[in-house]
Amino acid sequence: MRTYARVFGTLLIVLGVTAAAGMAVSAESLQDVMKRRELTQQDLLAAAKTYVPSGKRDEFLGFSSGGQSGQVIVYGIPSMRIVKYIGVFTPEPWQGYGFDESSKVVLDGGKVDGKTITWGDSHHPAISETNGQYDGQFLFINDKGNSRMAVIDLRDFETKQIVANPIFKSEHGGAFVTPNTDYVIETAQYPTPLENKKFYPLEQFNDKYRGGVTYWKFDRTAGRIQPQNSFTVELPPYSQDLSDAGKGPSDGWSFTNSFCTERYVGGIEKGRPPYEAGCSAKDTDYLHVINWRKAAELVAQGKARKINGHNVIPLETAVKEGILFLIPEPKSPHGVDVTPDGKLIIIAGKLDTHVSVFSFDKIQAAIRARKFESRDAYGIPVIAMSDVMQLQVQLGLGPLHTQYDSKPCIAYTSLYVDSQVAKWNYCDGKVLDKISVQYNIGHLMTMEGDSADPKGHYLVALNKLAIDRFTPVGPLHPQNHQLIDISGDKMELLYDMPLPLGEPHYAVAIAASKLKPAIRYKVGTDSRTDKPHPGAVKAGEEHTVRKGARVEVFGTLIRSHITPETIEVEVGDEVVINLTSLERAEDETHGFAVSTYNIQASIEPGKTVQVKFKADKEGVYPYYCTEFCSALHLEMQGYLLVKPKGYKAVKAVAEVAVYTKVDYDKELKKIADTQAVIDSVVGYITSVNYKDFPDVVAMVDDAFDQAGKIPAAKAKHDEAAKRGDFQNATLWAEQVWQYQVKTADLGLRAKTYLEQNGAKKVSK
Ligand code: RUQ
Ligand code: CUA
């Protein structure tokens, strides 16, 4: 009991609450919960460090690759709560990605040799940088399996572009950005002939197979990669691996590891020793050191040749012009990570227990002195490892990747075989701490930990195996991202997060304060091109155009109806539906789905989308909104009527009146009561400084939009009542009430927002 009391007291201090307040809120005491759930003091401390209370937000946002799903997973740190999946290389129905026409164009950019690829091995995300610091504008990610690169705009977290590498068949080292995001780097992995359509037998591996590094030119203003201004430096058929861009003093250079410099070709089925033996026979592989700035100049001088329409600097040119060097590095290296100050390069070899620290200054001195120990089989000068080695530190088994701390000289390296993270000092070579992780860590990430200005605080271990960590879900386990506190001298494990979407291979994390994503689009925007959508219309201008066998709808969406509510076509017609969301309120997204025709779009506030299909089967197909957007969301519906050719309408059956004057009078009473609510809400909003809150201004705009529709509907019910048509009078009065409800709903949301955000009284 005394132990519990002590632990309880400590926790209250940790949580910063008083005992009285703590006990007042819950019938079950903290001690009770600890006992019942068998929690230790350590557990409670970890919980307190990661728990983000309802309504509060995370300090950092992590972007993890979604592995084979081809997506990106976004989660908060330290809560480790997933906040978004971004569709990148594969369709993502919720976001309508791959269903509306503009997003199909983005996905089509990723066609390889005209083939549609429906998966992606999304691998290494990278955040755009300005002066080596994360700027929060763009995210890049590569697809290892099909050699593609994607651009995601962090203003709306949407994928804007996919480019397929015209000469590589697989790639691994990428995406890595140069310090001002002039280029996004991608390196080949398995060597292949660069001319896509040519066959060369494996016997010609040394002569005809090649690797390389592609530098994708990024146009920050347009937010797009410019393939025509991009280029590749051709490299020998060594399996190029991870890369990093220099920064600070090493800006203008990039570094790329390799394995299998043996250029071994396996063939176990022919009795040859397998790849794994032949590719790890030598004691060293090569670090490629490339002067990319000079390479870009060579391209500008016309010294590149075109392969598949893409600029390639041939090996001989790279050697002759002195932009390419090799340095031996210990056996089967993997990660290559430039230190935040840009002076050192840390290399971790999978089959070596050491990390090697190379000095950029020493590399430059050797190049200047033309001090090379040899040339490789392709004539590339080789700098001696001993000439550039600053330090070698024994860390443990299977070192892979290194990330940096905000504290000077502090690095963290993942140890795959040992299932550990090592904390060490790269200035004096001291190993400072080790922590076990569960299990078999690949990458690790610290906050902004590969930038020139790492932020410390947390480290996430991206473990390949979870084994026994989570409730079993069959033979295919989730992966385990473990959150580690690195703020003190000793690393402390805080949290295990299962990630069940592909192999979430690498992640990057940025201070959440650097991101300023939009809440709404300017009405009528095509989000994938960032331009006004040609299919957009304003409220009241909805219409349908028929041209031959093509029926094009220009419609709108607003709570709680889709305009139009019926779409009539003939079998065989091409149906094009443009939909604009007239919403401005935060988080008011509508969906649009049509049964049977594989249509599902997401239309966020202000967005316009176009969906297209051939109505090749006659029949009746409901369409509806797929987001639970309002109390009358289920009524946000309509019918696509696909009529047989030459169909003649049957004589309409007269509608039977069901409503009487009694119903109409009830409606009028309801309208008057609701108006009183609206008046009081409006009274409150206009009594405070609501104009200082842009989100409220948007809600008020939307509310006035809804209220603005009332007079026309009122005129209709007045007029019908005058005629004694209480059927239509009642229905139009009900519609007036619907507009009122939406006005009131928005008004109440605005009022709550203002109350919670400290609005101040203004004198009228
Ligand atoms: S590389 S697990 Cu595929 Cu990112 Cu090292
Ligand atoms: Cu709009 Cu449901």
Side-chain angles (χ1 to χ4, degrees), residues 537 539-544 546 551 553-570 577 579 582 590 592-595 618-626 628-644 646-679 703-747:
V537 285
E541 294 175 1
E542 298 89 349
H543 62 285
T544 298
R546 171 179 275 284
V551 177
V553 175
F554 297 85
T556 60
L557 302 154
I558 193 156
R559 275 155 291 166
S560 313
H561 53 264
I562 303 168
T563 307
E565 296 192 339
T566 27
I567 300 174
E568 297 181 51
V569 303
E570 271 192 1
I577 304 172
L579 290 168
L582 302 175
H590 299 289
F592 178 76
V594 185
S595 170
E618 77 172 58
V620 174
Y621 304 95
Y623 55 82
Y624 70 103
C625 166
T626 47
F628 210 114
C629 54
S630 58
L632 289 167
H633 147 77
L634 294 176
E635 289 78 356
M636 199 161 169
Q637 59 167 0
Y639 281 106
L640 166 72
L641 305 171
V642 183
K643 298 186 268 191
Y647 177 77
K648 291 255 170 353
V650 286
K651 220 173 134 225
V653 184
E655 221 175 320
V656 185
V658 290
Y659 301 115
T660 62
K661 179 155 192 318
V662 178
D663 298 300
Y664 180 60
D665 289 342
K666 260 196 228 156
E667 287 287 345
L668 293 184
K669 166 89 173 60
K670 197 163 77 174
I671 288 170
D673 292 349
T674 310
Q675 194 55 46
V677 175
I678 294 174
D679 291 345
F704 278 126
D705 254 16
Q706 295 289 347
K709 294 176 183 168
I710 291 175
K714 179 174 187 304
K716 286 187 179 147
H717 75 69
D718 284 347
E719 193 260 335
K722 215 179 275 166
R723 274 190 280 125
D725 175 1
F726 289 105
Q727 175 72 6
N728 278 307
T730 306
L731 289 174
W732 279 115
E734 174 68 17
Q735 185 57 44
V736 166
W737 186 69
Q738 289 300 343
Y739 290 136
Q740 282 186 316
V741 167
K742 284 177 259 197
T743 308
D745 171 53
L746 282 157

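Just the heavy atoms: all of them, side chains too, but no hydrogens, waters or symmetry mates, feed the values below.
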Heavy-atom pair with the smallest gap, counting every atom of [X] and [Y]:
X    : Y    : answer
A744 : I678 : CB-CG1, 4.0 Å
A729 : A721 : CB-N, 3.7 Å
V642 : E570 : CG1-C, 4.2 Å
V553 : P564 : CG1-CD, 3.5 Å
A713 : V736 : CB-CG2, 3.5 Å
T626 : A593 : CG2-CB, 3.5 Å

Rounded to the nearest 0.5 Å, what separation is found between the [atom1] atom of [X] and the [atom2] atom of [Y]?
X    : Y    : atom1 : atom2 : result
K666 : E734 : NZ    : CD    : 12.0 Å
L557 : T563 : CG    : OG1   : 8.0 Å
K661 : F726 : NZ    : CZ    : 5.5 Å
D718 : W732 : CG    : CH2   : 13.0 Å
I558 : K742 : CD1   : NZ    : 7.5 Å
L579 : F554 : CG    : CZ    : 11.0 Å

Q740 side-chain N/O to Q738 backbone N/O, donor-acceptor pair under 3.5 Å: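 Checking the backbone N and O of Q738 against the side chain of Q740, no donor-acceptor pair under 3.5 Å is found.
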Donor-acceptor contact present, side-chain D663 to main-chain T660, <3.5 Å: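 Side chain of D663 to backbone of T660: a pair is present.
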Ring-ring centroid check Y659 Y664, cutoff 6.0 Å: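 Ring-ring flag for Y659/Y664: false, centres at least 6.0 Å apart.
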Ion pair check, D705 and K709, cut-off under 4.0 Å: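 Looking at K709 together with D705, the answer is no, because their closest N to O distance does not fall below 4.0 Å.
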Charged N-O contact under 4.0 Å between K669 and D665: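 So K669 does not pair with D665 through a salt bridge.
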Stepwise side chain to side chain contact (heavy atoms under 4.5 Å, CB included) test for H590 and C625: CA-CA 6 Å; H590 299 289; C625 166; 3.8 Å; yes
Between E667 and T730, a side-chain donor and acceptor under 3.5 Å: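 No - no donor-acceptor pair under 3.5 Å links their side chains.
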Chi angles and distances behind the side chain to side chain contact (heavy atoms under 4.5 Å, CB included) call for R559, M636: CA-CA 8 Å; R559 275 155 291 166; M636 199 161 169; 5.7 Å; no
Heavy-atom side-chain contact between Y623 and I567 under 4.5 Å: yes
Y621 atom OH: more than 12 heavy-atom contacts under 6.0 Å: yes
NZ (K643) with more than 12 external heavy atoms under 6.0 Å: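 Check passes, neighbour count above 12.
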Listed partners of D725 passing side chain to side chain contact (heavy atoms under 4.5 Å, CB included), at least two apart: A720, R723, Q727, N728
